[in-house]
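For reference, the structure is listed below as structure tokens.
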2 protein chains.
Amino acid sequence: MFRMSEQGSPPSRPTIRDVAREAGVSVTTVSHALNGKGTASEATRQRVLAVADRLAYRAHPMARGLRQGRTGVLGLDMRPLDAIGSYLPEGVDYFMRFAGAAAVTALDHGLGLMLVPDLTRSDIPQYAHGVDGYVVGDPVRDDPVLTRLIDASVPVVTVGRDPGRPAFTDWVGPDDLYETKRVLDLLRSRGAERIALLAGTDDNAWNVDSEKAYRSWARRHGMPARVLHIPEAAGEDGGADAARRLLKGRQPRPDAIYCQTGRHAAGVLAEAHRLDLSVPGDLLIAAGSDAQQTRHATPAITALDLVPEESGKAAVELLIARLAGDTRPGPIILPAELRTRASTGDA
Amino acid sequence: MFRMSEQGSPPSRPTIRDVAREAGVSVTTVSHALNGKGTASEATRQRVLAVADRLAYRAHPMARGLRQGRTGVLGLDMRPLDAIGSYLPEGVDYFMRFAGAAAVTALDHGLGLMLVPDLTRSDIPQYAHGVDGYVVGDPVRDDPVLTRLIDASVPVVTVGRDPGRPAFTDWVGPDDLYETKRVLDLLRSRGAERIALLAGTDDNAWNVDSEKAYRSWARRHGMPARVLHIPEAAGEDGGADAARRLLKGRQPRPDAIYCQTGRHAAGVLAEAHRLDLSVPGDLLIAAGSDAQQTRHATPAITALDLVPEESGKAAVELLIARLAGDTRPGPIILPAELRTRASTGDA
DNA sequence: CATACAGCACAAAACGTTTTAGAAAAAGGT
DNA sequence: ACCTTTTTCTAAAACGTTTTGTGCTGTATG
């Protein structure tokens with residue numbers, strides 16, 4: 001159909017010049033007609049469109065990008081991908097829902113989404129530098145990736161704020177303080193009187209703010225605060241360890257444990273069973289993020305669903321707005337959904 | 001540092017021209033020095049490298065791509081992302097492990113990986129057409145995405161073969177026939193005498209070949225073949241439905257069920273419990289793909305781990321080999337790992 | 001009848017590279 | 001001193017677009 005050379009050379013894609021020749025107009029006119037820019041007559045425009053369609057012409061993205069300084073691709077840099085050897089991090093569920101929504105949202109705006117495992121590596125792909133903007137997931141305090149992007153004045157939106165950058169407001173995410181209190185209120189209304197917090201060790205807003213909210217809530221309700229930090233990566237084993245310490249120590253036993261991660265929560269539940277404690281009878285359990293582990297545990301574990309579909313969508317949309325010059329201030333706060341389940345005595 | 005304009009205009013990235021000027025050579029020389037192409041003297045080369053480093057110069061990916069006809073980005077098109085509304089498909093676990101490995105492998109070769117939800121949509125991003133090559137996940141028979149890419153002579157590698165394209169051998173994946181028999185042999189060695197197959201409805205190689213292997217195996221062992229098809233998307237509920245039909249009908253009750261998907265298997269297990277059947281006492285269960293659901297069920301479900309990390313890596317590497325002109329014939333067969341668990345009476 | 005002004009189309013410049021083809025300089029051979 | 005070869009470097013073309021500026025119609029305005 002549109003092979004250019006008369007000889008038997010490989011079929012190269014048609015260029016704007018081919019369309020111009022075929023339609024009997026200049027390349028300028030073709031470009032204008034296709035982009036609705038110039039002042040072409042309706043007849044000419046239609047003719048060009050028809051020819052372009054017939055040749056299955058599509059502007060070469062690199063040529064277009066080179067000229068107008070945009071690539072049409074957004075970068076997605078999320079921590080979980082950094083893990084060496086295993087791509088099954090704690091947040092697998094969260095990540096997948098997030099990335100899927102982000103990719104589809106970008107698509108809806110005619111943009112691509114490129115996965116960039118770790119922007120701080122020295123051998124990152126050429127292309128990572130040519131991206132129009134970045135979405136960075138769950139930055140840690142003074143995140144180096146963020147520093148790099150901001151220094152290079154690349155538009156960037158994060159999921160959750162950087163605890164070390166109060167002035168940076170281009171982020172989307174839940175109101176961790178409010179959501180934490182919601183869970184604690186639920187536990188209290190189900191009879192809990194000594195709630196322990198099992199937090200992670202990553203220095204991100206989620207951990208920082210949740211602990212802050214927990215302490216302030218405990219103070220206000222005259223409840224003793226007890227916090228344990230376990231690396232996110234320790235997963236269920238880490239949760240089980242923590243549970244053993246909390247439930248078998250000489251301190252008064254907590255009657256509820258609020259775990260930040262779903263896997264920690266699953267570990268706590270497993271350990272409680274090993275200690276012959278009934279859940280929710282002797283112990284209430286809740287998690288700060290929903291996961292396969294919380295949904296499928298027995299009993300199922302009450303958890304905050306951070307609705308990553310929403311944040312993936314919102315993050316990409318905020319980034320696109322920034323790229324378009326929109327400067328309405330962030331952040332964009334997204335409500336989480338509290339999935340009440342059997343581990344707190346709910347349906 | 002490298003802001004180009006003397007006025008207070010926005011800091012634009014340095015171009016090759018800036019490096020040339022600063023190093024006192026031509027742009028050609030800079031290009032050659034940076035890409036190790038020309039015949040520059042060692043002294044000049046070093047000087048250029050030093051300047052480029054000082055200016056933090058990086059070739060603009062679009063300009064480079066435009067010139068040499070390569071973008072440095074691979075596309076990844078996987079079915080699960082097509083799901084509307086929910087990005088939590090059956091294969092979440094599989095997908096994430098696959099995509100993560102693929103992204104990192106691409107990175108290791110200095111390439112980016114772009115997520116392209118659905119190539120058959122008309123409004124796909126500009127950029128999707130500019131990608132160097134594609135990895136397409138689990139094609140269905142005569143997959144339209146594949147047709148499109150092959151027609152456009154875009155290099156493409158699939159995960160699992162297209163059942164309608166025997167001549168297309170550029171795929172990576174397990175030997176479904178062999179792996180299926182392995183599972184059936186295991187069930188038989190654990191005492192199963194009537195094994196039912198619970199397959200999906202997608203017309204891909206995985207379903208097609210597994211059923212074929214099952215029927216031939218059953219014939220060879222003089223075992224009655226019984227196959228049920230349930231949509232993959234029906235998930236655990238679908239599995240439970242199927243289990244009810246298989247276990248409560250008037251036909252002789254199967255003493256083992258082999259489910260293609262992990263979620264179906266989890267549904268079967270749940271239903272078996274509701275029917276007061278003990279697993280593995282009264283019923284053996286195995287799954288054709290490992291998932292969160294099989295790992296975390298009680299009892300844990302024996303499953304084939306398709307090791308998506310391996311296939312993600314292999315797919316990207318095969319694609320890169322093709323791009324480099326390597327024509328060693330495919331496919332690349334990857335052994336699966338059989339995770340024996342309590343649902344078949346194993347540890 | 002000149003002037004102005006739409007309306008329409010186009011040539012050429014620009015984006016930042018890589019590559020081609022060749023020139024200048026240095027070195028070697030008689 | 002001259003030719004040949006090798007080494008080192010460079011100007012200009014090319015990649016496929018978009019954008020800028022300009023020219024050419026013809027019709028309305030004075």
Side-chain angles (χ1 to χ4, degrees), chain A residues 2 4-5 9-10 12-49 51-52 55-72 110 126-127 129-132, chain B residues 2 4-5 9-10 12-49 51-52 55-72 125-127 129-132:
Chain A
F2 55 77
M4 287 311 100
S5 60
S9 73
S12 64
R13 57 189 295 163
T15 79
I16 196 174
R17 228 169 294 272
D18 297 318
V19 179
R21 177 160 19 81
E22 201 84 356
V25 297
S26 72
V27 293
T28 309
T29 303
V30 175
S31 175
H32 282 164
L34 258 39
N35 301 311
K37 284 270 172 81
T39 59
S41 71
E42 192 52 28
T44 311
R45 190 180 302 273
Q46 289 305 333
R47 185 155 37 94
V48 169
L49 255 43
V51 171
L55 298 188
Y57 167 78
R58 287 191 162 261
H60 192 320
M62 315 228 72
R64 176 200 290 260
L66 177 59
R67 181 59 237 235
Q68 45 186 39
R70 295 198 157 203
T71 66
Q126 284 293 339
Y127 208 79
H129 294 106
V131 154
D132 288 342
Chain B
F2 55 76
M4 287 311 100
S5 61
S9 74
S12 65
R13 57 189 294 163
T15 80
I16 197 174
R17 229 170 293 273
D18 297 317
V19 179
R21 176 160 19 80
E22 200 83 358
V25 296
S26 72
V27 293
T28 308
T29 303
V30 174
S31 176
H32 282 164
L34 258 38
N35 300 312
K37 284 270 172 79
T39 58
S41 71
E42 192 53 30
T44 311
R45 189 181 301 275
Q46 289 304 334
R47 184 154 39 93
V48 170
L49 255 44
V51 171
L55 298 189
Y57 166 78
R58 287 189 162 265
H60 188 100
M62 316 228 70
R64 177 202 289 260
L66 177 58
R67 181 60 238 232
Q68 45 186 37
R70 295 200 156 202
T71 65
Q126 283 293 340
Y127 208 78
H129 293 106
V131 154
D132 288 342

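This one's a predicted model, so the numbers in the text were calculated from it and none came from an experiment. Sequence lines set the chain letters: A, B, ... in the order given, protein chains first and strands last, and positions in each chain run from 1.
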What is the minimum heavy-atom distance between [X] and [Y], and which atoms define it?
X	Y	result
A:Met62	B:Arg70	SD-O, 4.0 Å
A:Ile16	A:Val30	CG1-CG1, 3.5 Å
A:Arg13	A:Arg58	NH2-O, 3.1 Å
B:Ala56	B:Pro14	O-CG, 4.2 Å

[X] [atom1] - [N] [atom2] separation (whole Å):
X	N	atom1	atom2	result
A:Ile16	D:dT19	CD1	P	11 Å
A:Arg70	D:dT18	CZ	P	14 Å
B:Arg13	C:dT17	CZ	C1'	11 Å
B:Met62	D:dT18	CE	P	12 Å
B:Arg21	C:dT17	CZ	P	13 Å
A:Arg17	D:dA14	CZ	P	10 Å
A:Lys37	D:dT20	NZ	C1'	12 Å
B:Asp18	C:dC15	CG	P	12 Å

Check: Does any donor-acceptor pair link the side chain of A:Arg67 with the base of D:dT18 at a separation under 3.5 Å?
Finding: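 Checked by distance alone, the answer is yes.
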Donor-acceptor pair present, B:Ser26 side chain and D:dA11 base, under 3.5 Å =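 Counting by modelled atom types and ignoring angles, no donor-acceptor contact under 3.5 Å is found here.
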*asked:* With heavy-atom distances below 4.5 Å as the criterion, would you say the side chains of A:Thr15 and A:Asp18 are in contact?
replied: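 Yes - at least one pair of side-chain heavy atoms lies under 4.5 Å apart.
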5′-ward residue of the pair B:Thr28/A:Tyr57 relative to DNA chain D: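 Of the two residues, B:Thr28 wins.
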Exercise. In terms of the nearest nucleotide of DNA chain D, which residue is placed more toward the 5' end: B:His32 or A:Gln68?
Worked result: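 Going by which nucleotide is closer to the 5' end, it is B:His32.
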### Task
Look at A:Thr29 and C:dC10 and indicate whether a side-chain polar atom (N or O) is within less than 4.0 Å of OP1 or OP2.
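For C:dC10, OP1/OP2 do have a side-chain N/O of A:Thr29 under 4.0 Å.
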Looking at C:dT18, I'd like to know if its phosphate oxygens (OP1 or OP2) sit under 4.0 Å from a side-chain N or O belonging to B:Ser31.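 So the side-chain polar atoms of B:Ser31 do come within 4.0 Å of the phosphate oxygens OP1 or OP2 of C:dT18, strictly under.
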- Item | Close approaches to DNA chain C from residues 40-49 of chain A, in residue order (heavy atom, under 4.0 Å) |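 Result for residues 40-49 of chain A: A:Ala40, A:Ser41, A:Thr44, sorted by number.
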Exercise answer: donor-acceptor pairs, residues 32-40 of chain B side-chain atoms, under 3.5 Å, sequence neighbours excluded:
{"from": "B:Asn35", "atom 1": "ND2", "to": "B:Ser31", "atom 2": "O", "distance (Å)": "3.0"}
{"from": "B:Asn35", "atom 1": "ND2", "to": "B:Ser31", "atom 2": "OG", "distance (Å)": "3.4"}

Let me confirm one number: the CG-CG distance from B:Leu66 to A:Leu66, rounded to the nearest 0.5 Å.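 Answer for the CG-CG pair, B:Leu66 versus A:Leu66, is 6.0 Å.
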